[in-house]
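What follows is a set of notes on a single structure, which appears directly below.
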Protein chains: 2
Amino acid sequence: MTSDPGLRQRKKMRTRQALIEGALRLFAEKGYDQTTVAEIAATADVATRTFFSYFDSKDDIVFFDDRSRLERAVEIIGERQPGEPVTDLLRRVIDQSVFADTDSELARKVGPARTRLIASVPALQARELHLLFDIQLQLTEALHLACPELDLVEAAAAVGSLVGAIKVVVAACQKRGNRPEQTYKAVQRATDIAIDGLNSLPRPA
Amino acid sequence: MTSDPGLRQRKKMRTRQALIEGALRLFAEKGYDQTTVAEIAATADVATRTFFSYFDSKDDIVFFDDRSRLERAVEIIGERQPGEPVTDLLRRVIDQSVFADTDSELARKVGPARTRLIASVPALQARELHLLFDIQLQLTEALHLACPELDLVEAAAAVGSLVGAIKVVVAACQKRGNRPEQTYKAVQRATDIAIDGLNSLPRPA
DNA sequence: ATGCATTTTTGCATTCAATGACGTTTTGCA
DNA sequence: TGCAAAACGTCATTGAATGCAAAAATGCAT
């Protein structure tokens with residue numbers, strides 16, 4: 001599989017990588033809107049037209065590793081131990097596919113810069129939310145498959161509730177300018193609230 | 001305030017309404033991508049440029065009533081009875097701002113057609129998700145304000161968990177082609193799961 | 001190595017969303 | 001009636017995205 005990528009494949013990989021690195025560098029230097037696709041293509045020494053055979057849109061290049069993250073998550077769900085509680089399983093999924101730096105060192109390299117970039121460009125926020133939404137639908141299917149005791153609605157509610165709580169909490173933290181340390185704590189709290197339910201929230205005085 | 005809209009205001013309203021109706025009609029007739037902004041502007045007898053002084057983008061016109069829905073929700077949260085449990089409050093919010101047909105009869109008129117339209121156009125899905133996300137942040141603030149017993153993280157988690165569960169469940173239902181009747185039931189189930197927590201889900205056999 | 005099939009790249013033309021500058025018309029108000 | 005502001009229109013520009021057909025690179029078998 002990886003033993004013989006072939007010259008063609010290797011070259012494609014290199015071009016792809018060059019496009020990603022060039023794009024993120026330009027975005028950081030001049031800003032997202034000020035960077036044209038033509039300029040990105042130039043950094044990888046390919047024609048503008050060629051960019052669009054690697055990525056469907058200018059947005060897409062920012063989320064180059066989403067697919068592998070999803071595959072990782074689906075894998076984890078598929079390896080569920082029979083009898084393992086759904087909540088334990090989902091905690092593992094969150095930990096390993098969201099927080100763990102994924103395979104490519106590229107992802108690690110661009111991590112924080114990318115986060116800031118997305119937060120500052122509405123078009124990228126929109127793209128991210130859309131991707132995350134599709135991911136949730138696929139996680140729902142995987143979960144329903146791996147947990148026969150859950151019907152489709154229950155699986156969807158579980159995924160949506162957990163991911164939704166985390167997503168909004170992270171956004172609220174970023175908006176307030178929290179340190180990553182605090183944000184991590186907040187994510188754990190959000191996870192607990194989703195798992196224990198809104199009934200577990202503090203009662204009015 | 002509404003007593004004297006003034007000629008100018010009335011004319012703006014009429015133009016705005018004409019643009020909305022024209023756009024939705026064209027989208028239904030020829031499809032979203034096949035409809036140009038120029039054509040939409042033509043149906044309201046204004047210049048293409050003028051369209052963009054009413055709506056920031058072509059997407060935006062589809063979600064013309066989102067703002068009023070949000071305002072409704074924030075209002076409900078603001079009217080919270082002291083001591084009322086957060087869960088009761090949020091159930092009211094869901095009922096009245098999501099399911100109730102909002103003020104304008106326009107919204108009622110285009111309802112189902114619009115839902116189908118959004119579901120079939122990725123660009124609109126993305127826009128909807130982004131808008132819904134912003135709405136959640138504002139609901140979070142409102143909830144935090146109305147419920148002093150909740151810190152910001154708890155408020156965010158509550159909103160995200162509830163809205164997230166419903167959103168994914170609705171999508172899963174639509175994907176499977178469920179009848180509105182079943183979808184409504186599913187939303188109630190999703191609400192219960194978010195409120196009672198993932199721990200309330202069925203256990204493995 | 002040579003020829004052939006397939007994949008990839010590329011340049012070109014085109015469409016259309018979106019934005020800016022600037023002048024003109026319409027409306028509200030004194 | 002006349003002034004200021006808001007709304008509207010015209011024109012031009014930019015840049016994303018797509019289709020198409022030619023050219024180049026690569027894989028493969030002989």
Side-chain angles (χ1 to χ4, degrees), chain A residues 1-20 22-24 26-27 29-64 117 121-127 130, chain B residues 1-20 22-24 26-27 29-64 117 121-127 130:
Chain A
M1 187 186 200
T2 34
S3 61
D4 181 17
L7 209 173
R8 194 172 261 167
Q9 292 301 321
R10 261 180 294 146
K11 207 170 174 184
K12 276 198 84 163
M13 296 269 245
R14 263 191 294 125
T15 300
R16 183 186 150 87
Q17 181 117 347
L19 282 171
I20 293 171
L24 291 176
L26 287 178
F27 291 162
E29 284 173 7
K30 337 178 6 182
Y32 180 80
D33 287 326
Q34 283 65 44
T35 302
T36 69
V37 174
E39 290 169 328
I40 298 173
T43 67
D45 246 310
V46 294
T48 303
R49 188 64 179 83
T50 303
F51 175 93
F52 290 101
S53 70
Y54 279 87
F55 303 95
D56 286 344
S57 71
K58 185 182 169 187
D59 309 326
D60 255 8
I61 201 170
V62 175
F63 305 99
F64 61 92
L117 178 66
V121 181
L124 294 181
Q125 293 172 30
R127 191 91 184 92
H130 198 190
Chain B
M1 187 186 199
T2 35
S3 61
D4 181 15
L7 210 172
R8 189 174 270 167
Q9 293 300 324
R10 263 179 292 144
K11 204 170 176 184
K12 274 198 84 163
M13 297 268 245
R14 262 191 293 124
T15 301
R16 184 185 149 87
Q17 181 116 347
L19 282 172
I20 293 171
L24 291 176
L26 287 178
F27 291 161
E29 284 172 6
K30 337 180 4 183
Y32 179 81
D33 288 326
Q34 283 66 45
T35 303
T36 70
V37 174
E39 291 169 327
I40 298 173
T43 68
D45 247 308
V46 295
T48 303
R49 186 68 179 82
T50 303
F51 175 92
F52 289 100
S53 69
Y54 280 88
F55 302 94
D56 286 342
S57 69
K58 185 180 165 186
D59 309 327
D60 257 6
I61 200 170
V62 175
F63 304 99
F64 61 92
L117 179 67
V121 181
L124 295 181
Q125 293 172 29
R127 190 91 184 94
H130 198 186

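Looking at every heavy atom in both residues, Ile61(A) comes nearest to Leu19(A) through CD1-O, 3.5 Å. Nearest heavy-atom pair across His130(B) and Pro122(A) is CE1-O, 3.4 Å. Between Thr43(A) and Gly22(A), the closest heavy-atom pair is OG1-CA, 3.6 Å. Closest heavy-atom contact between Lys58(B) and Phe27(B): CE-CE2, 4.2 Å. Heavy-atom minimum distance, Phe63(A) versus Leu124(A): CZ-O, 3.4 Å.
Tyr54(B) comes within 4.0 angstrom of the backbone, heavy atoms only, and of no base. In this structure, Ser57(B) reaches the sugar-phosphate backbone alone: every heavy-atom distance under 4.0 Å involves primed, P, OP1 or OP2 atoms, never a base. If you check every strand for non-hydrogen atoms under 4.0 Å, Thr35(B) touches sugar and phosphate atoms only.
Atom-to-atom, CZ of Arg10(B) to P of dA7(D) comes out at 15 Å; the value is rounded to the nearest Å. Following rounding to the nearest Å, Asp33(B) (CG) and dG19(D) (C1') show an atom-to-atom distance of 15 Å. Residue Asp45(A) contributes atom CG, which lies 13 Å from atom C1' of dT10(C) at whole-angstrom precision. The separation between Leu26(A) atom CG and dG15(D) atom P is 14 Å, rounded to whole Å. Distance CZ (Arg16(B)) to P (dA7(D)): 13 Å, rounded to an integer number of Å. Rounded to whole angstrom, the span from the CZ atom of Arg127(B) across to the C1' atom of dA17(C) amounts to 14 Å. If you measure from atom NZ of Lys12(B) to atom C1' of dA5(D), you get 12 Å, rounded to the nearest angstrom. When rounded to the nearest whole Å, the span between NZ of Lys58(A) and P of dG15(D) equals 9 Å.
Between Thr50(A) and the phosphate of dT10(C), there is a side-chain N or O to OP1/OP2 separation shorter than 4.0 Å.
The side chain of Phe52(A) has dT18(D) as its nearest neighbour among dT8(C), dG9(D), dT18(D). Across dT9(C), dT19(C), dT18(D), the shortest atom-to-atom separation from the side chain of Arg49(B) is found for dT19(C). Checking dT10(C), dA17(C), dC8(D) against the side-chain heavy atoms of Val37(B) singles out dA17(C) as nearest. Of the listed nucleotides (dT10(C), dT9(C), dT10(D)), dT10(D) has the atom at the smallest distance from the side chain of Ala47(B). Distance from the side chain of Thr36(A) is smallest to dG15(D) among dT26(D), dA17(C), dG15(D).
In this structure, dA30(C) and dT1(D) make a Watson-Crick or G-U wobble pair, each of the two defining distances being under 3.5 angstrom.
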